[in-house]
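Order of listing sets the numbers, starting from 1, for every ligand and every atom in it. The first residue of the sequence shown is numbered 1, and numbering continues consecutively from there.
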Amino acid sequence: MRTIGVIAGERVTVGVVEGNRLTGEIRRSQPPPDLPVEQYYQQLRGEIAEVGAGGEIEAIGVGVPGIVRGGIIEESPNVHRLKGLNLGAALSVDFPSTSILILNDADAVAAGIAATRGELGKIIRVWTLGTGVGFGRYPRLDGVWEAGHCVVTLDPKERFCGCSGVGHLEGILGHRAMRRRFMDLEPDEIFEQAKTGDERCRNFANLWHRALAAATASSIHLSGPGKFYLTGPSAKFVETALLEVFLQEMVKMSPLQGSYFEVTPTPDEIAIVGAAVNVGAGA
Ligand SMILES: [Zn+2]
């Protein structure tokens with residue numbers, strides 16, 4: 001089965017996937033930030049057609065940042081122009097008789113990790129730590145799953161989230177949120193100075209890990225223990241041992257013990273393969 005895997009956010013990456021593997025080159029582009037959504041879609045459509053040329057395309061899986069239902073991007077707090085785009089319907093018109101699935105990009109990452117590690121028979125969860133914070137699960141379940149916006153603090157001053165909600169995980173962990181909180185330091189500098197003992201930075205690094213542990217604990221209390229992958233540009237800041245200590249403080253019931261974390265890099269090809277794996281599984 002020849003499937004096109006796509007991740008469409010601020011950047012667009014497209015590749016052909018066969019047998020859960022990428023075949024050929026990944027096509028990457030960065031549409032200008034002010035490009036209207038109609039032209040953004042036309043560019044996306046053109047790239048899918050170009051990458052897929054030279055053979056039949058059986059399915060297209062597109063991962064996007066935000067809430068997706070029935071092929072419609074209902075919300076995308078960090079890539080505003082995508083909000084309201086009925087990507088599923090548009091692609092169905094342009095690529096008739098092709099299976100099409102629009103899914104959350106973090107779910108694509110989770111499926112990609114499962115496929116490339118031979119873990120397709122297991123349940124895995126993943127936090128994607130970047131501009132925003134995504135939560136992905138494989139196998140994918142229908143629903144909203146905006147766990148990056150779960151409330152991890154009742155402090156009314158915590159209002160740095162991209163969606164403007166108060167107390168959200170992304171408001172502490174998101175790259176954009178960290179820059180808004182520390183007007184004088186970049187996230188790299190915050191975590192460097194935390195290591196050398198700067199009190200303000202160390203306190204923030206602890207809060208950052210506690211928040212991630214809290215959101216993970218919430219997932220464990222709802223869906224049970226298991227393996228949590230941590231990925232994305234900000235995963236380099238994770239101190240796994242510290243995260244585990246905080247998680248142990250938060251999860252005490254014995255049937256819920258036994259979760260663990262793994263930091264893993266996810267190059268573009270992982271999410272592309274994952275988007276394709278999901279449409280294959282759902283088609
Ligand atoms: Zn939020």
Salt bridge (Lys or Arg N to Asp or Glu O under 4.0 Å) partners for D155, two or more places apart:
K157
Can you see which heavy atom on V14 is nearest to which on I4, and at what distance?
CG1-CG2, 3.6 Å
What are the protein N, O or S atoms, given as residue plus atom name, that sit under 2.8 Å from the Zn ion (ligand 1)?
H149 ND1, C161 SG, C163 SG, H168 ND1
Under the side chain to side chain contact (heavy atoms under 4.5 Å, CB included) test, which residues partner P36, sequence neighbours left out?
E38, Q39
Tell me if the CZ atom of R200 is crowded by more than 12 foreign heavy atoms within 6.0 Å.
yes
Salt bridge (Lys or Arg N to Asp or Glu O under 4.0 Å) against R140, all qualifying residues, sequence neighbours excluded:
none
So, R137 and S219: side-chain donor and acceptor under 3.5 Å apart, yes or no?
no
